Protein chains: 2
Amino acid sequence: MTERTARQKIVDAAGALMEKRGYHGTGLNEIIQVSQAPRGSLYYYFPAGKEELAAAAARQTGEMMVAYLERDLERHADIVDGLMTFFTGLADHVVSNNCQAGAPLAVIALETAGESDRLREACRHAYQSVQAVLERKLLGNGYTPDRSRDLALLISAAIEGAVILARVEQAADPIRRIAAQLGALLLATPHCRIE
Amino acid sequence: MTERTARQKIVDAAGALMEKRGYHGTGLNEIIQVSQAPRGSLYYYFPAGKEELAAAAARQTGEMMVAYLERDLERHADIVDGLMTFFTGLADHVVSNNCQAGAPLAVIALETAGESDRLREACRHAYQSVQAVLERKLLGNGYTPDRSRDLALLISAAIEGAVILARVEQAADPIRRIAAQLGALLLATPHCRIE
DNA sequence: GTCTATACGGTGATAGAC
DNA sequence: GTCTATCACCGTATAGAC
């Protein structure tokens, strides 16, 4: 119990801070301070240090992303409706953090993919999971296997790109416009939809 | 002359290094070492230090991105053909850097948009320029004004997302698949195309 | 499990000679 | 314009007591 919450608080703080300032921009001291977890616990739970902690944070945020996506997609039979709900939630997340959050995986991936296989693999797995959820739902909506796979890839890329543009513009507008455009394209594309 | 090349070498090195390791992950010493520019020149040309240098690097890479995009789009009458050429060049750039480069704006934007207005503005301007080029070409290809604007936004987001996924997968495959999917969607969407 | 103290390198930045 | 020396600070990581 006490073990789990201390570790958990550290992972939560690391994830939140790195989502805003990135991997190299986030200090271990800052993580401890924000988490209000015991200072001595960090290297107890993460013997390999910052890299291991960041991997755990990336894994967790990936799982949360998948959970949100699954929840929104299950809620609607039509994948376009589900996607729009997801994008709305994403926009809320970004604005409620003063447009300084979103794309927690992208920052870590871009900063560290070249240096740390461990972190690259954690991000890769998270993106694969997101794409798997999308692909499954697209298949269920009557898209062909090939198209489901590639559309899932495009959507996951658009999600990350949308957040980047939103943070740069300091507004949720790009996310909303990209969501709408994606929805229109999904409906217009030939996809063997079951009507 | 000597003035220009020294400054230029520093900006080039800063841009290349930050493209791989990000803003906080790139040290000033490393920039000087790689650039082989005089150590004393850094704060002479960039009195405001690292932030000013990074802004110059972001501006330059943005201009290069616009230049490549314009070149490829002008080369083909059909925007889809031009875009495919651009994505091919992007994939080449990524693989020729061992999948550790690409998306130079995205890293800086995600790391620093919350802390530095100067850097956020530099990235914002670059993205706006890219979108402007795309929008103009879409208009010329018969897409409506609204759709041209939003498609340009989606495409710019997909470019960044594609590079992120390619770097995580250490392969150009995601870029190629996203390009193909984007091309198919551009052709399928209702757009008042002049046939 | 957690704490404190500390080692040690690297960081961005500045001053003053040339 | 450029160099060198030096600054104060912060980073991660470790050691050893409790």
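Computed from heavy atoms alone, side chains included, the values below leave out hydrogens, waters and symmetry copies. Letters go in sequence order (proteins before strands), and every chain restarts at 1. What you see is a predicted model, and the numbers here were worked out from it, not measured in a lab.
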Task: Between P of dT14(C) and CG of Leu42(B), the distance in whole Å - done: 12 Å
Task: Spacing between Ile32(B) atom CD1 and dT11(C) atom C1', to the nearest angstrom - done: 14 Å
- [ ] Take the protein atom CD of Glu52(B) and the nucleotide atom P of dG12(C), then report the distance between them rounded to whole Å.
- [x] 15 Å
TODO: Consider only side-chain N and O atoms of Gln60(B) and Gln8(B), and report whether a donor and an acceptor are under 3.5 Å apart.
DONE: yes
Task: Sequence-distant partners of Gln131(B), side-chain contact (heavy atoms from CB on, under 4.5 Å), two or more places apart - done: Leu165(A), Tyr127(B), Gln128(B), Ala152(B), Leu153(B), Ser156(B)
TODO: Taking only the side-chain heavy atoms of Tyr44(A) (C-beta and beyond), determine which of dT2(C), dC3(C), dT2(D) contains the nearest atom.
DONE: dT2(C)
- [ ] Could you tell me whether Arg136(A) and Glu70(A) make a salt bridge, using a distance below 4.0 angstrom between a side-chain N and a carboxylate O?
- [x] yes
Task: Separation between CD1 of Ile178(A) and CD of Gln181(A), rounded to the nearest 0.5 Å - done: 9.0 Å
Open item on the list: Any salt bridge linking Glu30(B) with Arg21(B)? Criterion: basic side-chain nitrogen under 4.0 Å from a carboxylate oxygen.
Closed with: yes
- [ ] Name the closest nucleotide to the Ala6(B) side chain, picking from dT4(D), dC3(C), dT2(D).
- [x] dT2(D)
Task: For atom CD of Gln33(A) and atom P of dC3(C), their distance in whole Å - done: 15 Å
Open item on the list: Across nucleotides 11-18 of chain D, 5' to 3', mark each nucleotide with B, S or - according to how protein heavy atoms within less than 4.0 Å reach it.
Closed with: SBBB----
Task: Charged N-O contact under 4.0 Å between Glu121(A) and Arg124(A) - done: yes
